[in-house]
Amino acid sequence: MAEQANDLMEKLVSLCKRRGFIFQSSEIYGGLNGCWDYGPMGVELKRNVKEAWWDSVVRQRDDMVGLDCSIIMNPKVWEASGHVVNFNDPLVDCKGCKARFRADKVYHVVFFENGNPVHAAWVEADDEQSAGREAFNRANSKTRRRMQLHQEGGRFETEIRRVDRLPSDVKALCPLCGHELTQPRKFNMMFKTYVGAMEDSSSIAYLRPETAQGIFANFKNVIDTSRMKLPFGIAQIGKSFRNEINPRNFTFRSREFEQMEIEFFCHPSQADQWYAYWRDARFQWYLSLGLRSEKLRLREHEPAELAHYAKGCADVEYAFPFGISELEGIANRTNYDLSQHAKFSGKDLSYFDEETKERFIPYVIEPSAGADRATLAFLCEAYAEDEAPDENGAMQKRIVMRFHPRLAPIKVAIFPLVKKDGMPEKAQAIYAACKKASLSAFYDEKSAVGRRYRRQDEVGTPYCVTVDGQTLTDDTVTIRDRDSLKQERIKASEVVRYVQERIGAGGM
RNA sequence: GCGGGCGUAGCUCAGUGGUAGAGCGCCACGUUGCCAACGUGGAUGUCGUGAGUUCAAGUCUCAUCGCCCGCUCCA
């Protein structure tokens, strides 16, 4: 099972490279961990995902507006948001008493007598010397006395190791309660950079770890200029950056990634119902674009999982080959973010309701989706192997990407059956008409038509139009369906409309 | 971060210290004419990278980068 899943992921990664969906970033230089590039097919697919999202949450609604913020913002934004904490210190947490220590201040001290350990202690200390002293003080009186007696002569040896330099098989324990400690970790995953010519502490800035804070920072601007009234939302698509300790699973956890985020502002008394609304609406969006319900699930967080400011959170999860993982989180963040920014900026970020004459800081519902994760889910969902007959009627294995037509990188491919008798010219004319209608189209006259069909199957093109001998007499063409392999004969002039009707609205 | 596996053509992979290979794909020409056709010809390699051992390294050693798996982590 796990092997099969792994197999599927490998096939998908291979196809993504082979057909130009996704490449390793800077591959010719050996790549870069956690970074990926979208090739000619991948960029179309991902754009379609983002377009479908934007259309659904902005264009089709009258209670949503868009925004596009800068990636580098005033660093105070990240102080207010809570992203700047414990900047350089790796930390360990006690799994028992929840105490938090700097990893370079916790030591493991072992005293050996003639090579045998006689006393061991976990201590919090500033350096090795004081760690040794502290450990000594914790030893029982008998051991202390023996050690004092035999200070000279090498009978006793002391081993002192800092907790962040322990071998992995040694479990670190809490100096206070003795429960297990977590691995040392840096909580700050923000990429740091410098703004301006001088690289000093006053010029430090960060690449945003999420797009959301740009929305909060612009809340007042949007209120003041857009005539939007509560309840309403602001949507943004953009790159975010997290210095993940361990990027994994193809594009799923990347260091540079793209988010599709909504902050929906409402009166505190309506927050629960808007939370439920967005949670369900966002789940439906994935279903509507072809993720199967049995692979998709909505998981409501347990109260214990919630961040201290959140009143509710649900994840939209997808059963990837590598495991069930999160595509999107929908959270009721209360008025935490706006309050924080009001506090740190000194600006009034409250909202005045003209009708009720009430002034309050709005609650916010945050549906936060990963564009790359959604794209990866659509890729996984689309990948299929089936059988199609060859020219002799024998069944051959076929690889086909069954994208929802709206997401397919190429909507329609146009072929002349053979490269003569004016068929290429006729096919070119249809191709031009498709392009003029803003359909993503592809023209191919190379090699046998069967091979051309299969090539389009591998990139998930839903429709293939073939100009044949009959076209030259009655101006009809065959149009072939990717999934059923069935062909219909339609008028050449109907191709654009035929395809448009089947790929859904939005002129994509 | 720790442990394990892997890295050779666009893809999948073979390659015993001694001339760099196969299948598929790709390109050209011809034939065929609706589902990965056939024939002929052709192009494509920093053997992940860098050191070292050796007369000689794709092959052995070390380091490093990347990918995959497991643990850990994901405020």
Side-chain angles (χ1 to χ4, degrees), chain A residues 2-3 5-7 9-11 13-20 23-36 39 81-86 90-93 95 100 103 164-171 180-190 209-210 242-250 252-253 255 307-309 321-323 325-326 329 387-400 415-421 423 446-458 464-471 477-482 484-487 489:
Chain A
E3 217 165 278
N6 185 22
D7 199 39
M9 213 51 214
E10 278 174 17
K11 284 176 177 173
V13 171
S14 166
L15 180 137
C16 282
K17 168 87 187 279
R18 189 169 71 245
R19 292 301 185 190
F23 308 124
Q24 212 181 339
S25 167
S26 36
E27 188 190 274
I28 60 170
Y29 291 103
L32 182 66
N33 193 236
C35 296
W36 301 90
S81 70
H83 285 83
V84 180
V85 283
N86 302 309
L91 302 176
V92 290
D93 290 300
K95 292 178 179 177
R100 175 171 287 179
D164 53 345
R165 294 173 182 167
L166 289 172
S168 65
D169 56 326
V170 178
K171 290 224 184 297
E180 193 180 329
L181 295 175
T182 61
Q183 293 284 319
R185 49 192 175 174
K186 283 189 177 179
F187 276 175
N188 202 294
M189 297 200 288
M190 284 195 292
E210 61 176 38
R242 291 184 196 176
N243 205 355
E244 295 284 355
I245 293 179
N246 194 0
R248 271 293 164 92
N249 294 327
F250 202 24
F252 184 82
R253 178 170 292 134
R255 292 198 165 116
H308 62 91
Y309 49 79
F322 49 79
S325 300
E326 177 190 349
E387 293 199 323
D390 66 14
E391 57 169 358
N392 302 316
M395 298 308 277
Q396 300 288 339
K397 189 180 124 181
R398 179 178 79 133
I399 294 175
V400 53
F415 312 141
L417 184 60
V418 289
K419 201 164 49 173
K420 60 182 184 187
D421 300 337
M423 290 182 207
K446 303 272 173 60
S447 71
V449 72
R451 186 186 299 261
R452 287 178 254 162
Y453 286 140
R454 297 300 177 86
R455 268 199 288 252
Q456 292 305 314
D457 290 339
E458 276 208 350
C464 291
V465 169
T466 300
V467 168
D468 58 13
Q470 191 179 332
T471 310
V477 294
T478 61
I479 187 157
R480 175 248 197 200
D481 182 86
R482 175 194 68 200
S484 69
L485 304 180
K486 292 211 173 91
Q487 288 179 298
R489 186 163 276 278

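Lettering of chains follows the sequences in order, A, B, ..., and the numbering in each one begins at 1.
Checked against B:rC69, B:rA28, B:rC67, the side chain of A:Arg248 finds its nearest nucleotide in B:rC69. Set against B:rC11, B:rA37, B:rA75, the side chain of A:Ala448 has B:rA37 as its closest nucleotide. Side-chain atoms of A:Lys446 lie closest to B:rA28 of the nucleotides B:rA75, B:rA28, B:rC34.
Salt bridge annotation for A:Arg18-A:Glu458: present, with a cationic side-chain nitrogen under 4.0 angstrom from a carboxylate oxygen. Using a cutoff of 4.0 Å between basic side-chain nitrogens and carboxylate oxygens, A:Arg482 and A:Asp457 are not scored as salt-bridged.
The heavy-atom pair separating A:His83 from A:Pro209 by the smallest distance is CD2-CG, 3.5 Å.
Here the separation of B:rU72 from B:rU16, taken at their P atoms, is 39 Å to the nearest Å. On the C1' atoms, B:rA75 is 27 Å away from B:rC69, given to the nearest whole Å. Comparing the P positions of B:rC11 and B:rU49 gives a spacing of 15 Å, expressed to the nearest Å. Atom C1' of B:rA43 sits at a distance of 9 Å from the matching atom of B:rC26, rounded to the whole Å. For B:rG25 and B:rG5, the C1' atoms lie 28 Å apart once the distance is rounded to whole Å. Rounded to the nearest Å, the gap between the P atom of B:rU12 and that of B:rU54 is 37 Å. B:rC73 sits 9 Å from B:rG1 when the C1' atoms are compared, rounded to a whole Å. As rounded to the nearest Å, B:rU61 and B:rU53 have P atoms that lie 15 Å from one another.
Residue A:Glu458 is in base contact, counting any heavy-atom pair closer than 4.0 Å across all strands shown.
Here A:Arg18 does not reach the OP1 or OP2 of B:rC11: none of its side-chain N or O atoms lies under 4.0 Å away. In this model, the phosphate group of B:rC69 is approached by a side-chain N or O of A:Asn249 to a distance below 4.0 Å at OP1 or OP2. A:Arg480 has no side-chain polar atom (N or O) that falls below the 4.0 Å cut-off from OP1 or OP2 of B:rC34.
For the pair A:Arg255 (side chain) and A:Pro247 (backbone), a donor-acceptor distance under 3.5 Å is absent.
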